[in-house]
Amino acid sequence: RFWSRIRHSVEILESALHYFKLDDKRHIPCGHLSMGWQKRVALARLMACYAELWLLDEPMANLDEDGQILVTNLINIRTSQGGIVVLSSHQPLMLSAACELDIRDYRPC
């Protein structure tokens, strides 16, 4: 709620919590959640705090298969709405509008 108030997007918060299946965890301090649930909280905060550009580092880390599907769908929806998502990942991702860069293709100058 804190971050969504700062970003003036409180109306999205409930949807973000529901999307990441956090409804029953809303009163548990984040520090008491597993790493996977903490990741879902962070992603719900991302969803609830509107930004045109998302920078994500390993967004699938610590997520179960269900969580990975939710993130993939969220990224696909965000980019289809004109948002930009820049992410790093060691996992292959099923993104509909992705331009993939392999760091091994680049050498330092």
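In this text, all values refer to a predicted model and were calculated from it rather than measured experimentally.
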Can you list the other members of the hydrophobic cluster that holds Val85, where links are side-chain heavy atoms under 4.5 angstrom apart? Leu13, Leu17, Tyr19, Phe20, Leu22, Ile28, Leu33, Trp37, Val41, Leu43, Leu46, Met47, Trp54, Leu56, Met60, Leu63, Leu70, Val71, Leu74, Ile75, Leu87, Leu93, Leu95

Do Asp64 and Lys39 meet the salt-bridge criterion of a basic N to acidic O distance under 4.0 Å? no

Is Glu14 paired with Arg26 through a side-chain N to carboxylate O contact shorter than 4.0 Å? yes

Determine whether a donor-acceptor pair (N or O, by modelled atom type, separation under 3.5 Å) exists between the side chain of Asn62 and the backbone of Met35. no

If you round to the nearest 0.5 Å, how far is CZ of Arg40 from SG of Cys30? 13.5 Å

Hey, could you give me the CE/CD1 distance between Met94 and Ile69, rounded to the nearest 0.5 Å? 11.5 Å

Side-chain touch Gln68/Glu65, heavy atoms, less than 4.5 angstrom: no

Around Glu52, counting heavy atoms of other residues, nucleotides and ligands shown, do more than 12 lie under 6.0 Å from its CD? no

Determine the minimum heavy-atom distance between Ala44 and Ala16, stating which atoms define it. O-CB, 3.4 Å

Looking only at heavy atoms, what is the nearest atom pair of Ser88 and Pro59, with distance? O-CD, 3.5 Å

Check each of Asn76, Thr72, Asn73, Ile77 against Ser96 using the side chain to side chain contact (heavy atoms under 4.5 Å, CB included) test, and report the only one that passes. Asn76

